[in-house]
Amino acid sequence: MANIAIIGTGYVGSVSGACLADFGNQVICVDTNEEKIESFKKGIIPIFEPGLDAVVERNNKSGRLSFSTDLKSALKECNVVFIAVGTPPADDGSADLVYVEGAARQIGSLIEKYTVIVDKSTVPIGTGRKVHNWIKEELVKRGQNIEFDVVSNPEFLREGSAVYDFTHPDRVVIGSESSRARDIMKDVYRSLYLNETPFIETNLESAEMIKYASNAFLAVKITFINEIANLCEKTGANIRDVAKAVGKDGRIGSKFLHPGPGYGGSCFPKDTRALAKIGKDFGEVQNIVETTIEINEKQKIRAAKKIETAIGSLNGKTISMLGLAFKPNTDDMRESPAISICEYLAERGVKLRLYDPAAMKEAKWRLSDIKDSIYFADDEYDAIKGTDALVIATEWNQFRNLDLEKVKDIMTSFYFFDLRNIYKPQDVLSRGFKYYGIGN
Ligand code: NAD
């Protein structure tokens, strides 16, 4: 089994660290954020990720998992280092590599023996070579000639089901030209390797491209069904039947065929923009991806305009929004469509009453520019109280079965915007609401 250090304990680093420890490896998770590390040490998980607490606790107890801010000590024991730091979008859409470079240079300035450096962050094609050069430069500065290999091992987990996804991946991608490094990676993932999870061994560039191509394809698929849903609204077709039947085609598949107010999150928006930028840089414009980015922005505003068109003048209206995270089972609001919709409504004089089961803390700072228009509610019914309209922006399970009689009693007007199509229109209409879904 390997001795592993993970640099970055965000959504990817913390889940990877805990699950790799569960596979039997010795793992130390390192972050520069002292507060985060202190929290993990106390067994308090600083992000909302179902099931992660149990894996952290189990492996903490067994002594296989620990947390630290001291990379130097962590690296002493390790033969494998994962880079799992953020790659946020820069102004031109490219992935900002400042944290990756920082981590790589730290590694170069600290390693004492042969080490495999694994890039798990999502990075532009060619970054693996840059990581190699940054480490090499630091070693040269030290007058050292320590051997090392760089591996690209992109991560495909989804927030909200990250522990399951990490432990049951559709494939593990290992990009490296070094057979020594590839063998060590098979040790790292021995549990999956023995379970016959497909391992795809490629060069660095292909591994980096696989991650972008996968995310871009899913973003295109969502955007495609959103456009078909928009057309359904004009033609009398019903997207629920259409998507269901289209998805039954084995060549297409039913996943990611759910229309909504546009995709958000920490990955699809930034990864599609980064891929579009890479395409431009290499003179191979990614037309489908560029168009997807454009349509997705319009889809968020379309959802807000749908509310405006139905209600008429928004000024002075009170509207509740249930769900603020970009999807259920996470507290992550990065690029959530709920933000665009809230901003649109607040700019037009709407008083908002907001509730999300996990993202309230995040919402308070992400929506601070419009805080004067917002009441942060205690639960869904507190949010709905006294409102003209109800908007379901994220399909948390607890919003799927609202007590509609109670909802009717506490609202003042009865507009019901189901932006995730989680209600049967007839169930809502029959109780006297004005129901608006997507694509029907
Ligand atoms: P995050 O922002 O939640 O966490 C990144 C962490 O790295 C932060 O805690 C930060 O303090 C830490 N960090 C930065 N520089 C550091 C350094 N030099 N030393 C130690 N710690 C450092 O990011 P995330 O959502 O976990 O994403 C990480 C990467 O994985 C990104 O490239 C992302 O695109 C990719 N990814 C994310 C997901 C997802 O669902 N979030 C899925 C697949 C891939």
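Whatever order the structure lists ligands and atoms in, that order sets their numbers, starting from 1. On a predicted model such as this, the values are computed, not experimentally measured, just so you know.
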*Would you kindly check if the NZ (Lys) or CZ (Arg) of Lys306 is within the cone defined by 45 degrees around the ring axis of Tyr436 and under 6.0 Å from the six-membered ring centre?*
no
Give every pair formed by an N or O atom of ligand 1 and a protein N or O atom closer than 3.5 Å, one pair per line with both atom names and the distance to 0.1 Å, or write none.
from: ligand 1; atom 1: 3 (O); to: Tyr11; atom 2: N; distance (Å): 3.4
from: ligand 1; atom 1: 9 (O); to: Asp31; atom 2: OD1; distance (Å): 3.4
from: ligand 1; atom 1: 9 (O); to: Asp31; atom 2: OD2; distance (Å): 2.6
from: ligand 1; atom 1: 9 (O); to: Lys36; atom 2: NZ; distance (Å): 2.6
from: ligand 1; atom 1: 11 (O); to: Asp31; atom 2: OD1; distance (Å): 2.6
from: ligand 1; atom 1: 18 (N); to: Gln106; atom 2: OE1; distance (Å): 3.0
from: ligand 1; atom 1: 21 (N); to: Thr32; atom 2: N; distance (Å): 3.4
from: ligand 1; atom 1: 25 (O); to: Arg334; atom 2: NH2; distance (Å): 3.1
from: ligand 1; atom 1: 26 (O); to: Tyr11; atom 2: N; distance (Å): 3.0
from: ligand 1; atom 1: 26 (O); to: Val12; atom 2: N; distance (Å): 2.9
from: ligand 1; atom 1: 32 (O); to: Thr87; atom 2: OG1; distance (Å): 2.6
from: ligand 1; atom 1: 32 (O); to: Thr122; atom 2: N; distance (Å): 2.9
from: ligand 1; atom 1: 34 (O); to: Thr122; atom 2: OG1; distance (Å): 3.4
from: ligand 1; atom 1: 34 (O); to: Lys270; atom 2: NZ; distance (Å): 2.5
from: ligand 1; atom 1: 40 (O); to: Glu159; atom 2: OE2; distance (Å): 3.3
from: ligand 1; atom 1: 41 (N); to: Glu159; atom 2: OE2; distance (Å): 2.7
from: ligand 1; atom 1: 41 (N); to: Ser266; atom 2: OG; distance (Å): 3.3

*For a salt bridge (charged side-chain N to carboxylate O under 4.0 Å, His left out) with Arg302, tell me which candidate from Glu308, Glu233, Glu297, Glu227 qualifies.*
Glu233
*Do Arg348's NZ or CZ and the ring of Tyr344 fall within the cation-pi criteria of under 6.0 Å and 45°?*
yes
*asked:* Is there a side-chain contact between Leu97 and Val123 in this structure, where contact means two heavy atoms from C-beta onward sitting under 4.5 Å apart?
replied: yes
*Closest heavy-atom contact between Gln299 and Gly260?*
NE2-O, 3.1 Å
*Can we call the ring centroids of Tyr114 and Phe148 under 6.0 Å apart?*
no
